[in-house]
Amino acid sequence: MIMVDSMHVAKNRAAEALQSVLHQVSQIKLRNIDIDSPRPDLKIDILAQVDVHGHSHTLVCKVEASGRPDHVRTALDALRSHAAGLDGNTTRVFITPRISEETKALCGESKTGFLDLEGNARLDLGEVFIVKRTLRQSRRSSPSSVSGREDEELAGVA
């Protein structure tokens, strides 16, 4: 019971983080966000329907608490197979509490976007590409830090 509750909390936090990133880009209109797939056979953690410049797009998300490479690979493989069952424009998104450089590379290799709960994101939605990088606290307070800004954001339109 505790494991189910903690996973539900993790999915809610992930959905809030996704919603926050999407709302920062005016070209994206969030239509719907569902925790757990509407079809049990898909086994999707979060399914978000958005409009990007008037075109319908689906974000198929997998929430994973572990950043271990073997867990990430397994999650990305499962996400790829679950997303294959959907029609239309889809983007796979891997969501985790903290994203490592190795996980970023694995996501890139599998053509999967990522989002973490620290505010880092990379999402390719066809006409819109989102990159958001948040500097960690230890780097913010470092004297070698050039910028006084806490985070860098970039949203581009292709």
If you look at every heavy atom in S110 and L76, which pair is closest and at what distance?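 That would be OG-CD1, 3.7 Å.
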Going from CZ on F114 to OG on S100, what distance comes out if it is rounded to the nearest 0.5 angstrom?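 Rounded to the nearest 0.5 Å, the CZ-OG separation comes out at 10.0 Å.
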Hey, is K62 close enough to D45 for a salt bridge, meaning N to O under 4.0 Å?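 Counted as a salt bridge, because a side-chain N and a carboxylate O are separated by less than 4.0 Å.
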Do L47 and C61 have side-chain heavy atoms sitting under 4.5 Å apart?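 The answer is no; the side chains never approach within 4.5 Å.
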Is there a side-chain contact between D51 and I28, using heavy atoms and a 4.5 Å cut-off?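 No, too far: nothing below the 4.5 Å cut-off.
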Within a radius of less than 6.0 Å around CZ of R31, do more than 12 heavy atoms belonging to other residues, nucleotides or ligands occur? yes
Residues V50, K29; criterion side chain to side chain contact (heavy atoms under 4.5 Å, CB included); working and verdict: CA-CA 5 Å; V50 298; K29 304 297 179 212; over 6 Å; no
Nearest heavy-atom approach of G113 to L123 is CA-CD2, 4.2 Å
Work out which heavy atom in I99 is nearest to a heavy atom in F94; give both atom names and the distance. CD1-CD2, 4.5 Å
Does E101 pair with K104 as a salt bridge, N-O distance under 4.0 Å?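 Yes.
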To the nearest 0.5 Å, what is the distance between CG (D87) and OG1 (T58)?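 The distance works out to 9.0 Å.
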At their closest point, which heavy atom of A14 faces which heavy atom of V63, and how far apart are they?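 Heavy atoms only, the tightest pair is CB-CG2, 3.7 Å.
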Please give me the minimum heavy-atom distance between R92 and K111, naming the atom from each residue.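 Where R92 meets K111 most closely, the heavy atoms are NH2-O, 3.4 Å.
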In short, L30 meets A48 closest at the heavy-atom pair CD1-CB, 4.3 Å
Once you round to the nearest 0.5 Å, how far does NE2 of H57 lie from CG of L125? 5.0 Å
Strictly distance-based, threshold 3.5 Å: is any side-chain N or O of T96 a donor or acceptor partner for the main-chain N or O of E64?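 It does hold such a pair.
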Flag side-chain contact, heavy atom, 4.5 Å: T91 against D124: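 No, every pair of side-chain atoms sits at 4.5 Å or beyond.
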Donor-acceptor contact below 3.5 Å, side chain N32 vs main chain Q49: no
Assess, by modelled atom type and distance only, whether the side chains of T103 and R98 contain a donor and an acceptor separated by less than 3.5 Å.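 Note: T103 and R98 side chains miss the donor-acceptor criterion.
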Does any part of the side chain of V21, heavy atoms only, come nearer than 4.5 Å to the side chain of I130, both counted from C-beta?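 Yes - at least one pair of side-chain heavy atoms lies under 4.5 Å apart.
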Between R122 and K132, is any pair of side-chain heavy atoms under 4.5 Å apart? no
Taking the side chain as C-beta and beyond, is there a heavy-atom pair between L79 and V60 under 4.5 Å? yes
Is the closest basic N to carboxylate O distance between D77 and R80 below 4.0 Å? yes
Quick one: CG on D34 to CD1 on I44, what's the gap to the nearest 0.5 Å?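 Between atom CG of D34 and atom CD1 of I44 there are 10.0 Å.
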Spacing of T134 atom OG1 and N120 atom CG [to the nearest 0.5 Å]: 5.0 Å
How far does CZ of R68 sit from OG1 of T74, to the nearest 0.5 angstrom?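 Those atoms lie 9.5 Å apart.
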Considering residues, nucleotides and ligands other than H71, do more than 12 of their heavy atoms fall under 6.0 Å from its NE2? yes
Within-4.5 Å side-chain heavy-atom neighbours: I46 and I95: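 When only atoms from C-beta onward are counted, I95 and I46 do touch, with a gap below 4.5 Å.
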Hey, mind stepping through L22 and L59 against side chain to side chain contact (heavy atoms under 4.5 Å, CB included) and telling me if it holds? CA-CA 11 Å; L22 296 174; L59 303 177; 3.8 Å; yes
Can you find a pair of side-chain heavy atoms, one from V128 and one from H53, that are under 4.5 Å apart? yes
